[in-house]
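One structure is given below, encoded as structure tokens.
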Number of protein chains: 2
Amino acid sequence: MTATEITDWESRRPKRADARRNYDAVVEAARAAFARDGVGTSIDEIARSAGVGNATLYRHFPTRDELIAVALAENMAAVHKRGLELAGTEEPLVALREWLLATIAQIGTYGGLPGSVLDAAGREGSLLGVTCHHMQETTRALLARAQEAGEIRADVRMEELFDLAAGIAWVISRDSGGADTARAGRLLDLALDGLVARRA
Amino acid sequence: MTATEITDWESRRPKRADARRNYDAVVEAARAAFARDGVGTSIDEIARSAGVGNATLYRHFPTRDELIAVALAENMAAVHKRGLELAGTEEPLVALREWLLATIAQIGTYGGLPGSVLDAAGREGSLLGVTCHHMQETTRALLARAQEAGEIRADVRMEELFDLAAGIAWVISRDSGGADTARAGRLLDLALDGLVARRA
DNA sequence: TTCAAATGTGGGGACAGTCCCCGGTTATTG
DNA sequence: CAATAACCGGGGACTGTCCCCACATTTGAA
């Protein structure tokens with residue numbers, strides 16, 4: 001199922017030796033470039049730093065999103081795995097909170113990534129859209145569990161939760177290229193617990 | 001004070017007849033273009049649709065932010081005025097809520113605007129930075145009042161509130177070019193009231 | 001050796017931002 | 001009021017960057 005789909009990008013790796021070498025070099029260069037300058041960085045620059053012609057890059061990754069998706073693949077798989085573990089945890093609320101934090105941290109790693117993710121959230125077509133869909137499904141499951149346990153308001157919808165998480169991820173990924181987990185946690189806690197004071 | 005600074009952009013309007021005509025045409029074209037395609041739209045395209053050479057546009061507005069700031073000026077002034085009114089309202093919490101909603105709606109009108117605003121929030125230099133600073137000060141005042149009335153948790157800092165508001169504005173401005181006030185209100189209420197269920 | 005697959009140079013199109021000469025406007029002077 | 005000079009704003013054209021593709025060439029695998 002999901003694992004197949006997520007790791008399915010493996011099957012996209014070319015079979016010929018030189019092609020695979022270039023493919024891997026591009027992904028590696030993309031990771032470095034994204035981490036340094038965000039996902040909006042120059043594609044040609046990535047190709048250059050990978051020692052590859054830009055047309056080669058475009059052959060393997062026709063769109064920017066595809067390159068982003070592959071560059072994130074194993075991280076995404078790890079987060080997804082963590083989500084499955086959390087689904088079996090005893091505390092639904094802390095599980096949901098940790099899941100959201102992991103998601104935010106993941107989406108916030110690269111500057112501009114939240115935008116790409118939310119863009120891809122709709123159209124199922126792209127690789128990024130698929131991984132994004134997985135994240136949403138996990139969110140839905142963990143949210144439902146927390147609601148059934150009476151720990152989260154029943155009227156909260158997954159989309160709203162996802163919107164808030166995406167917003168937080170966007171804020172923290174804007175400045176401070178690397179995700180600031182502490183700030184993300186603080187903002188998430190505020191959103192979860194609420195800002196209004198409780199009277200006794 | 002503030003009103004002077006905000007409407008100070010008036011003094012930037014050229015005095016010569018043709019210059020003022022072009023200036024106004026550019027601002028008008030920019031408003032339309034921003035509303036349609038977001039603040040990231042092509043500057044040259046704005047100049048073209050204003051019937052003006054791009055160099056003329058750059059003469060009046062050396063940076064994109066400056067054009068954005070002027071295009072927003074009167075809206076910003078209106079929001080700022082609303083903030084001053086709200087500061088005298090009897091209900092600190094509802095005042096804060098309404099202020100945040102107005103701010104989010106304003107920042108969310110143009111796609112990509114939240115990013116520009118948060119970028120300009122730091123550096124005081126630009127016009128956009130100044131207006132942004134005003135918004136933050138108003139937020140700080142309304143927040144302090146609500147906290148003194150015991151209606152908002154005392155540990156909430158203005159920056160955190162602003163981060164959440166910016167995040168929400170970003171989410172709603174991404175899709176649906178015009179700001180979706182209903183969705184913004186819902187997300188804001190969630191963040192304010194919190195998502196966790198209260199026991200009894 | 002053969003041939004499909006992969007490569008990358010080089011170019012077209014779009015955009016941001018700058019330069020600089022030209023033409024019109026305003027101020028000044030007779 | 002009229003003519004002229006100084007000046008200010010206009011915009012075509014240019015540089016540099018980026019995305020994306022066409023095509024001739026090379027390379028790996030059978």
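Please read all numbers here as calculations on a predicted model, not as lab measurements. Each chain gets a letter, A, B and so on, in the order the sequences are listed, and its residues count up from 1.
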Review point. Using a cut-off of 4.0 Å between protein heavy atoms and nucleotide atoms, how would you tag nucleotides 18-30 of chain D 5' to 3' with B, S and -?
Key: SBBBB----BSS-
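With sequence neighbours excluded, no residue forms a side chain to side chain donor-acceptor pair (under 3.5 Å) with Asn75(B). For Arg153(A), the side chain to side chain donor-acceptor pair (under 3.5 Å) partners are Asp155(A), not counting sequence neighbours. Residues satisfying the side chain to side chain donor-acceptor pair (under 3.5 Å) test with Thr139(A), not counting sequence neighbours, are Trp99(A). Shown here are the side chain to side chain donor-acceptor pair (under 3.5 Å) partners of Gln136(A), two or more places apart in sequence or in another chain: there are none.
Each salt bridge (charged side-chain N to carboxylate O under 4.0 Å, His left out) pair with one or both residues in residues 75-84 of chain B, not counting sequence neighbours, appears once here: Lys81(B)-Glu85(B), Arg82(B)-Glu85(B), Arg82(B)-Glu98(B).
OP1 or OP2 of dG8(C) lies within a sub-4.0 Å distance of a side-chain N or O belonging to Thr56(A). Distances shown here put a side-chain N or O of His60(B) below 4.0 Å from the OP1 or OP2 atom of dG10(D).
Summarising the geometry, the separation between CZ on Arg20(B) and P on dT25(C) is reported as 14 Å, rounded to the nearest angstrom. In this structure, the CD1 atom of Ile46(A) is 17 Å from the P atom of dT17(D), given to the nearest Å. Across the protein-nucleic acid pair, Leu57(B) atom CG and dT18(C) atom P stand 12 Å apart, rounded to whole Å.
Closest to the side chain of Ala19(B), out of dG9(D), dG11(D), dA6(C), is dG9(D).
Between the side chain of Arg174(B) and the backbone N or O of Gly115(A), at least one donor-acceptor pair lies under 3.5 Å.
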